[in-house]
Amino acid sequence: MGVRVRYAPSPTGLQHIGGIRTALFNYFFAKSKGGDFILRIEDTDRERFQEEALQDLYSTLNWLGIDWDEGPDRNGNYGPYVQSQRTELYREYARRLVESGQAYYCYCSSERLDDLREKQKKDKEDFGYDRKCRNLSDAEISRCKQENIKPVIRLKIPLEGETVFTDYLLGEIIKKNSDINPDPVLLKSDGYPTYHLANVIDDHFMNITHILRAQEWIPSGSLHVLLYKAFGWKPPVYCHLPMVMGSDGQKLSKRHGSTAVRDFKAKGYLPEAVLNYVSLIGWSFDDSREFFTKEELEKLFTLEKLNKAPGVFDYKKLEWFNGNYIRQKSDEQLAQILIPYLVRAGFVEENPSPEEHKIIDGLVPLVKERLKVLSDIKDISAFLFREIDEYNIEELIPKKLDASKTVEILENIKSVLDEIFESNEEKTEELFKKLAGKLDVKLGDLIMPLRTAVTGSRISPPITGSLKLLGMEKTAARINRVLDILKNEVVNG
RNA sequence: GUCUCCUUCGUCUAGUGGUUAGGACAGUGGGUUUUCAUCCCGCCAACAGGGGUUCGACUCCCCUAGGAGAUACCA
């Protein structure tokens, strides 16, 4: 049988960078091997379940273009692919473990467990369940039953010996059984399985061949292997992926900034940039290449090039990738994906009018190489859609020049405005140069007051294009407004 | 505390006994340019430490240190 891997998130929170990195690696591995990628919903924690998280999972994978061969909404021979729909299976197999003497009912209350944990912490003892119910007498059991306590089922971890499994990346992982989480819960008192039980049963029955998951799962790896052994099953190949860290070297989380993929989408990161960058955390192709499309990764990905060490998520590098992918778009494509951001900024209507479209089309080539994220469009194009709030006089007047000279400059520009709007870019530049010569100022000093007057900032897209987009009327109005300010400055300043 | 994993520039990484230790991001300097950005060129910057093995170690082994993760009726 071919490779079968799965991504099995729990719908308790939004899909984040670390999660989709795991999804991506599983997906790429499956595709590169001509195998199957399975999506499984691990919703056995009914307390923390969020409908929103489930929706977010689908929309995120969809956004990234990750498709699954089997899953909740696909036909597959191993369903259902939602764990909450498989509870009978888990209960049955938990029961079998009890019957074969490899697991037992535990009646300890969560209060007792909490107290136990606290005491262990205080006394600096080893943490973990004290196995109180492992050897309950029949009398005690029937007493608990009478009290109507809902038990959990715990696995009997062997008291001696060691458990070994081979990790594809890390090699042999040997652990003394006495160091394994003492008798972990398999079936919770609400009748749902814990992750440990459900994942082993599902991976077995779904014929999963490889498990690619983050290294934070290594400690439970031994436990899972023990479970396979208890059932008499063969464990899949394990490959624990290096973790994704924040800039402080700790596991990436909200503390480090946005980690939810949908936040990146909202901010204006392109799916191809996110996918490309995330694939490079813990994996590399060679000593130089770092641009990859999804399709290329589907062919090129290999476990051999995985890195063992954890990797820090670098927002700056993602941004750089994003800028590159933005510049790769055609003007038409970019205009299209920019529209929602312009709408959200309140600059254009949901369905832009032909006039608005014209402005957008003209805007795109002006901003294309200036955008790092799509939402940057708001600040960079505001001058086209909003009046300037307030002018900063300092920014209006070029260094080494004064207000009256600036007035002279702007008056001169104003007088040739007609000509400017009739000329193409090249002609306009000639015009500016001629004017600068006449006024005996540098070209930059001629343009800067104009730029600031028209855009409200010394930083703007190229001035000629900006003027044309704004239109002559507004341009003239803004120049006049600045002229008033400056003249006032000449008189009073 | 205990267990497990990890360790090349600030960051992501290439490297599989013999290299001036390569690339990218960031930083920094310069060029192009009407600002910003793009683009181009330069610079800065690493094998955690100590022992072995070997003619020769970033590469293999051991120890130390540091970091991380796990220690739930969460996954």
Side-chain angles (χ1 to χ4, degrees), chain A residues 8-13 42-45 47-48 106 108-110 113-114 117 120-121 123-129 150-154 167 169-170 173-176 178-182 184-190 192-196 198-199 213-222 240 242-243 245 247 249-251 277 280-291 305 307-321 323-324 327 367-372 376 380 429 432-433 436 442-448 450-452 455 457-464:
Chain A
S10 105
T12 53
E42 306 220 327
D43 58 344
T44 55
D45 186 340
E47 303 242 317
R48 297 198 304 153
C106 167
C108 292
S109 66
S110 37
L113 264 19
D114 288 344
R117 206 168 301 128
Q120 287 169 336
K121 210 167 189 177
D123 299 351
K124 295 191 169 165
E125 292 171 37
D126 285 0
F127 304 142
Y129 182 54
K150 284 234 189 305
V152 301
I153 291 179
R154 286 180 184 274
D167 183 279
L169 224 209
L170 274 15
I173 294 182
I174 305 167
K175 207 165 174 179
K176 286 202 287 260
S178 56
D179 288 328
I180 295 177
N181 181 6
V185 172
L186 261 23
L187 200 70
K188 300 183 262 189
S189 54
D190 64 1
Y192 282 89
T194 59
Y195 167 78
H196 305 300
N199 122 301
R213 42 132 81 146
Q215 283 178 3
E216 58 187 324
W217 292 104
I218 292 178
S220 18
S222 315
H240 288 92
M243 306 224 305
M245 314 304 242
S247 49
Q250 309 230 321
K251 195 163 127 181
Y277 175 62
L280 258 21
I281 307 175
W283 183 84
S284 64
F285 179 69
D286 61 11
D287 61 342
S288 54
R289 183 173 174 191
E290 52 184 357
F291 276 92
K305 301 295 288 183
N307 201 142
K308 291 180 185 178
V312 173
F313 183 81
D314 186 349
Y315 289 82
K316 273 281 193 321
K317 185 132 188 187
L318 204 216
E319 206 170 62
W320 175 79
F321 266 110
N324 276 281
R327 273 169 256 132
V367 299
K368 196 177 196 172
E369 55 201 27
R370 276 158 249 269
L371 298 176
K372 289 202 159 44
D376 286 345
I380 206 171
E429 190 171 338
F432 281 146
K433 279 183 179 158
K442 284 189 287 188
L443 185 60
D445 287 344
L446 178 94
I447 286 175
M448 191 51 81
L450 175 64
R451 181 191 305 285
T452 312
T455 70
S457 167
R458 302 181 85 131
I459 298 170
S460 85
I463 191 62
T464 316

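No hydrogens, no waters, no symmetry mates; every other heavy atom, side chains included, goes into these values. Source: prediction; values computed, not measured. Within every chain, numbering begins at 1; the chains are lettered A, B, ... in the order of the sequence lines, protein sequences first and strands thereafter.
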Is it true that a side-chain atom of A:Asp179 and a backbone atom of A:Lys175 form a donor plus acceptor pair closer than 3.5 Å? no
Contact nearer the 5' end of RNA chain B, comparing A:Leu170 with A:Asp286: A:Leu170
Rounding to a whole Å, what distance do you find between [X]:[atom1] and [N]:[atom2]?
X: A:Lys316; N: B:C9; atom1: NZ; atom2: C1'; answer: 18 Å
X: A:Ile218; N: B:G67; atom1: CD1; atom2: C1'; answer: 15 Å
X: A:Ile173; N: B:C6; atom1: CD1; atom2: C1'; answer: 11 Å
X: A:Arg289; N: B:C25; atom1: CZ; atom2: C1'; answer: 18 Å

Pairs under 3.5 Å (N/O, protein and nucleotides 58-63 of chain B):
none

When you compare [N] with [M], how far apart are their [atom1] atoms, in angstrom units rounded to a whole number?
N: B:U59; M: B:U8; atom1: C1'; result: 11 Å
N: B:G69; M: B:A37; atom1: P; result: 37 Å
N: B:C62; M: B:A46; atom1: C1'; result: 24 Å
N: B:C9; M: B:C58; atom1: C1'; result: 14 Å
N: B:U38; M: B:A48; atom1: P; result: 33 Å
N: B:U33; M: B:A26; atom1: P; result: 23 Å
N: B:C60; M: B:C3; atom1: C1'; result: 26 Å
N: B:C74; M: B:G15; atom1: C1'; result: 40 Å

Strand partner of [N], provided both Watson-Crick or wobble distances fall under 3.5 Å:
N: B:U33; result: none
N: B:U4; result: B:A68
N: B:U20; result: none
N: B:G42; result: B:U28
N: B:U59; result: none

With sequence neighbours left out, what residues match [X] under side-chain hydrogen bond (donor to acceptor under 3.5 Å, both in side chains)?
X: A:Arg48; value: A:Asp45
X: A:Glu290; value: A:Lys317
X: A:Ser10; value: A:Thr12
X: A:Asp167; value: A:His240

For [X], give me all partners under salt bridge (charged side-chain N to carboxylate O under 4.0 Å, His left out), at least two apart in sequence or on another chain.
X: A:Asp286; value: none
X: A:Asp43; value: A:Arg46
X: A:Lys368; value: A:Asp331
X: A:Lys433; value: A:Glu429

Hey, would you say the A:Tyr195 and A:Trp217 ring centroids sit under 6.0 Å apart? yes
Aromatic ring proximity A:Trp320/A:Phe291, centre distance under 6.0 Å: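 Between A:Trp320 and A:Phe291, the centre distance is under 6.0 Å.
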In short, A:Tyr192 meets A:Thr44 closest at the heavy-atom pair CB-O, 3.7 Å
Counting primed atoms, P, OP1 and OP2 as sugar-phosphate and everything else as base, the B/S/- map of nucleotides 34-41 of chain B against protein heavy atoms under 4.0 Å is BBBBSS--
Quick one, give me the B/S/- string for nucleotides 69-74 of chain B, reading 5' to 3', where B means a protein heavy atom under 4.0 Å from the base and S means that only happens at the primed atoms, P, OP1 or OP2. SSBSBB
Checking side-chain polar atoms at under 3.5 Å, does A:Thr452 have a donor or acceptor matched by the opposite partner on A:Arg458?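 On atom types as modelled, these side chains do not qualify, holding no pair under 3.5 Å.
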Name the pairs: protein N/O against N/O of nucleotides 10-12 of chain B, kept only if under 3.5 Å.
| residue | atom | partner | partner atom | Å |
| --- | --- | --- | --- | --- |
| B:C12 | OP1 | A:Val312 | N | 3.0 |
| B:C12 | O2' | A:Leu280 | O | 3.0 |

Determine the interplanar angle of the A:Phe285 and A:Trp283 rings, folded into 0 to 90°, and report it as parallel if under 30°, tilted if 30 to 60°, perpendicular if over 60°.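 Answer is tilted, since the angle falls between 30° and 60°.
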Does the cation-pi check pass for A:Arg154 over A:Tyr129, that is, NZ or CZ under 6.0 Å from the six-membered ring centre and within 45° of its axis? yes
